[in-house]
Amino acid sequence: EKLDKYHETSNKTTFSFEYFVPKTTQGVQNLYDRMDRMFEASLPQFVDITWNAGGGRLSQMSTELVATSQSVLGLETCMHLTCTNMPVQQIDDALESAYNSGCQNILALRGDPPHDSQQWTPIEGGFHYAKDLVTYIKKKYGNHFQIGVAGYPEGHPEETVFENNLKYLKEKVDAGASFIITQMFYDADNFIQWCKDVRAFGIDVPIIPGIMPITTYDTFLRRASWGAINIPREFTAQLDPIKDDDELVREVGTQLVVQMCQKLIDSGYINHLHLYTMNLEKAPLMILERLGLLPTEGEVINQNSSNFPWRKSL
Ligand code: FAD
């Protein structure tokens, strides 16, 4: 009966999809086909295109995908951009390309070091942290771009002093970020407590939870361990006995994620879900459908970019 609540209110929770840049041109074509199919079933409030830390060939693909998504497909698009291990010229080029394609949303990130090194090298111009990129974008483009930053409900893996996570998050917001997208997580109670802490710390921009669908048991465990994410006991208890049956894992995993999302929505701290699609269509759509968030038949879909939910609060 909970789901009915969302049909009754006009204030339905909104959602967005995140896509990463495929390595080949054929992969990009497949992604466009997939996006087409997904948007037939659902209209996200916006889409995110990730950035390959360190720049290189794939970053060129990022800006192309952003341009297509924004100006050809007409979707409100948010471009991720990292600021370490990369010449400052590349940051300038990426921002200019986003600007020229009509994209007005950037998720400003530090990036991770390349896989073969534990360290990363700050580049000329003083880009040590995501905060520095936020400041740079504000200085260069004023209020043209709406800037988002990353948040870590379970702490950033490199940060040894937990309280510093909120301090550095606030620095990013004070530098000009107007929304937060979080790292994936499965512990809803911890997330809700973190939202309380974020608010108590004086950070008042919208918090958007990053939702990672569960597709196979292996990827579920790998991603959780990669992000240093706590796996609640209930998840392991339900998924471990069926770990070899991918279809069942997706089914039960979806149910667990749906329950988690419902809890987040009920907490009142969030009104938007950001789905890490991992460029797959089925699992994200299953989650939205079960939450009652896909458009119902006959519902008018208004995809006006002025609907971007937090732009109004600028
Ligand atoms: P920062 O906020 O700069 O933090 C980095 C580290 O420095 C943290 O440990 C923090 O505690 C510490 N720190 C921050 N400020 C200070 C300070 N003033 N003094 C001392 N220490 C400080 N990576 C990609 O390569 N491409 C992507 O597209 C991408 N998308 C992402 C999307 C989301 C929603 C999230 C959550 C992460 C994404 N990442 C992506 C990963 C991200 O680049 C890494 O998590 C990276 O390690 C940290 O980036 P950040 O922007 O949070 O960095």
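Atoms within each ligand, like the ligands themselves, are counted from 1 in listed order.
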Novice: What protein heavy atom lies closest to atom 18 (N) of ligand 1? Include the residue and the distance to one decimal.
Specialist: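 The answer is E171 OE1, 3.3 Å.
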Novice: What residue and atom, counting heavy atoms only, is the protein's closest point to atom 40 (C) of ligand 1, and at what distance?
Specialist: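 The closest one turns out to be L109 CD1, 3.9 Å.
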Novice: Out of R110, K172, E18, who gets a non-hydrogen atom closest to atom 2 (O) of ligand 1?
Specialist: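 When every heavy atom of R110, K172, E18 is considered, K172 comes closest to atom 2 (O) of ligand 1.
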Novice: Do we see a donor-acceptor contact under 3.5 Å between the side chains of D266 and Q262?
Specialist: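 Yes, Q262 and D266 have a side-chain donor paired with an acceptor closer than 3.5 Å.
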Novice: Provide the number and element of each atom of ligand 1 under 4.0 Å from a heavy atom of G111.
Specialist: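 Contacts of ligand 1 toward G111, numbered from 1: 43 (O), 46 (C), 47 (O), 49 (O).
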Novice: Under a 3.5 Å cutoff, is there a donor and acceptor pairing between the side chains of N230 and E154?
Specialist: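 Short answer, no.
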Novice: Using a 4.0 Å cut-off to any heavy atom of A53, which atoms of ligand 1 qualify?
Specialist: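 What qualifies from ligand 1 is 25 (O).
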Novice: Y276 heavy atoms, cut-off 4.0 Å: which ligand 1 atoms fall inside?
Specialist: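 Once the distances to Y276 are compared, the set is 33 (C), 34 (C).
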Novice: When you measure from the heavy atoms of L107 to every atom of ligand 1, does any distance fall below 4.0 Å?
Specialist: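 Right, L107 reaches ligand 1.
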Novice: So do the side chains of K138 and I147 get within less than 4.5 Å of each other, counting heavy atoms only?
Specialist: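 Yes. Closest side-chain heavy atoms under 4.5 Å.
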Novice: Considering only protein heavy atoms, which is closest to atom 15 (N) of ligand 1, and at what distance to one decimal place?
Specialist: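 Going by distance alone, atom 15 (N) of ligand 1 is nearest to Y168 CG, 3.3 Å.
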Novice: Out of F15, F17, F179, F46, which one pairs with H272 under the ring-ring contact (aromatic ring centres under 6.0 Å, His included) rule?
Specialist: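 Of all the options given, the one that passes is F46.
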Novice: How far is atom 11 (O) of ligand 1 from its nearest protein heavy atom, and which residue and atom is that?
Specialist: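 That would be E159 OE1, 2.7 Å.
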Novice: Specify the protein heavy atom at minimum distance from atom 46 (C) of ligand 1: its residue, its atom name, and the distance to 0.1 Å.
Specialist: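 The closest one turns out to be D112 OD1, 3.2 Å.
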Novice: Quick one: do the S59 and S62 side chains pair a donor with an acceptor below 3.5 Å?
Specialist: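 Distance-only check fails for S59 and S62.
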Novice: Answer yes or no for atom 4 (O) of ligand 1: protein heavy atom present at a distance under 4.0 Å?
Specialist: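 False for atom 4 (O) of ligand 1.
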Novice: For Y141 and F145, take the angle between the two ring planes, folded into 0 to 90°, and tell me which bin it lands in: parallel under 30, tilted 30 to 60, perpendicular over 60.
Specialist: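 Ring orientation, 0 to 90° scale: perpendicular.
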Novice: Hey, mind stepping through K243 and D245 against salt bridge (charged side-chain N to carboxylate O under 4.0 Å, His left out) and telling me if it holds?
Specialist: CA-CA 6 Å; K243 62 184 172 200; D245 185 336; over 6 Å; no
Novice: Would you please determine whether G210 falls within less than 4.0 Å of ligand 1 on a heavy-atom basis?
Specialist: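 So G210 does not count as touching ligand 1.
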Novice: Give a yes/no on ligand 1: does Y152 have at least one heavy atom closer than 4.0 angstrom to it?
Specialist: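 Under 4.0 Å: yes for Y152.
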Novice: Against heavy atoms of I181, which atoms of ligand 1 measure under 4.0 Å?
Specialist: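 The list of qualifying atoms is 34 (C).
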Novice: Checking side-chain polar atoms at under 3.5 Å, does S178 have a donor or acceptor matched by the opposite partner on Q146?
Specialist: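 Yes, a side-chain donor-acceptor pair sits under 3.5 Å.
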Novice: Provide the number and element of each atom of ligand 1 under 4.0 Å from a heavy atom of T50.
Specialist: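 Atoms satisfying the 4.0 Å criterion: 28 (O).
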Novice: For ligand 1, which atoms sit closer than 4.0 Å to a heavy atom of K131?
Specialist: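 Close to K131: 18 (N).
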Novice: Tell me which part of Y129 gets within contact of ligand 1: side chain, backbone, both or neither, using heavy atoms under 4.0 Å.
Specialist: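 Both parts.
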Novice: Of the protein's non-hydrogen atoms, which lies at the shortest distance from atom 35 (C) of ligand 1, and what is that distance?
Specialist: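 Protein heavy atom with the smallest distance to atom 35 (C) of ligand 1: A150 CB, 3.8 Å.
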Novice: Using a distance-only test with no angle check, is there a side-chain donor-acceptor pair under 3.5 angstrom linking N165 and H156?
Specialist: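 Looking only at side-chain atoms, H156 and N165 do not form any donor-acceptor pair under 3.5 Å.
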Novice: Going by the order shown, which atoms of ligand 1 are within less than 4.0 Å of some heavy atom of E158?
Specialist: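 Counting atoms of ligand 1 from 1, those under 4.0 Å from E158 are 9 (O).
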Novice: Please find out if less than 6.0 Å separates the ring center of F20 from that of Y276.
Specialist: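 Between F20 and Y276, the centre distance exceeds or equals 6.0 Å.
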Novice: For the residue pair F191 and F185, does the interplanar ring angle fall in the parallel (under 30°), tilted (30 to 60°) or perpendicular (over 60°) class?
Specialist: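 Because their plane-to-plane angle is under 30°, the rings of F191 and F185 count as parallel.
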Novice: Could you check whether any heavy atom of F127 sits closer than 4.0 Å to an atom of ligand 1, since that is the contact criterion I want to use?
Specialist: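 Per 4.0 Å heavy-atom rule, F127 does not contact ligand 1.
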Novice: Quick one: look up the protein heavy atom nearest atom 27 (C) of ligand 1 and list residue, atom name and how far away it is.
Specialist: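 Checked against all protein heavy atoms, atom 27 (C) of ligand 1 sits closest to W51 O, 3.4 Å.
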Novice: T50 and Y19: side-chain donor and acceptor closer than 3.5 Å?
Specialist: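 Looking only at side-chain atoms, Y19 and T50 do not form any donor-acceptor pair under 3.5 Å.
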Novice: Which bit of F162 is near ligand 1, meaning a heavy atom under 4.0 Å away: side chain, backbone, both or neither?
Specialist: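 No part of F162 comes within reach of ligand 1.
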Novice: Return yes if a side-chain donor-acceptor contact under 3.5 Å exists between Y217 and D240, otherwise no.
Specialist: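 A pair is found: one side chain offers a donor N or O, the other an acceptor, under 3.5 Å apart.
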Novice: In Å, rounded to the nearest 0.5 Å, how long is the span from CG of L65 to OG1 of T77?
Specialist: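 L65 CG to T77 OG1: 9.5 Å, rounded to 0.5 Å.
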Novice: Please report whether ligand 1 has a polar contact with H80, defined as an N or O pair separated by less than 3.5 Å (distance criterion only).
Specialist: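 The answer is yes, given that H80 and ligand 1 share an N or O pair closer than 3.5 Å.
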Novice: Going by the atom numbers of ligand 1, which of them fall below 4.0 Å from some non-hydrogen atom of T82?
Specialist: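 Every atom of ligand 1 under 4.0 Å from some heavy atom of T82: 24 (C), 25 (O), 26 (N).
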Novice: Which residue supplies the protein heavy atom nearest to atom 8 (C) of ligand 1, what is that atom called, and how far is it?
Specialist: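 I find the closest protein heavy atom is H156 ND1, 3.3 Å.
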Novice: Do Y136 and C83 touch side chain to side chain, with heavy atoms closer than 4.5 Å?
Specialist: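 A side-chain contact under 4.5 Å is absent here.
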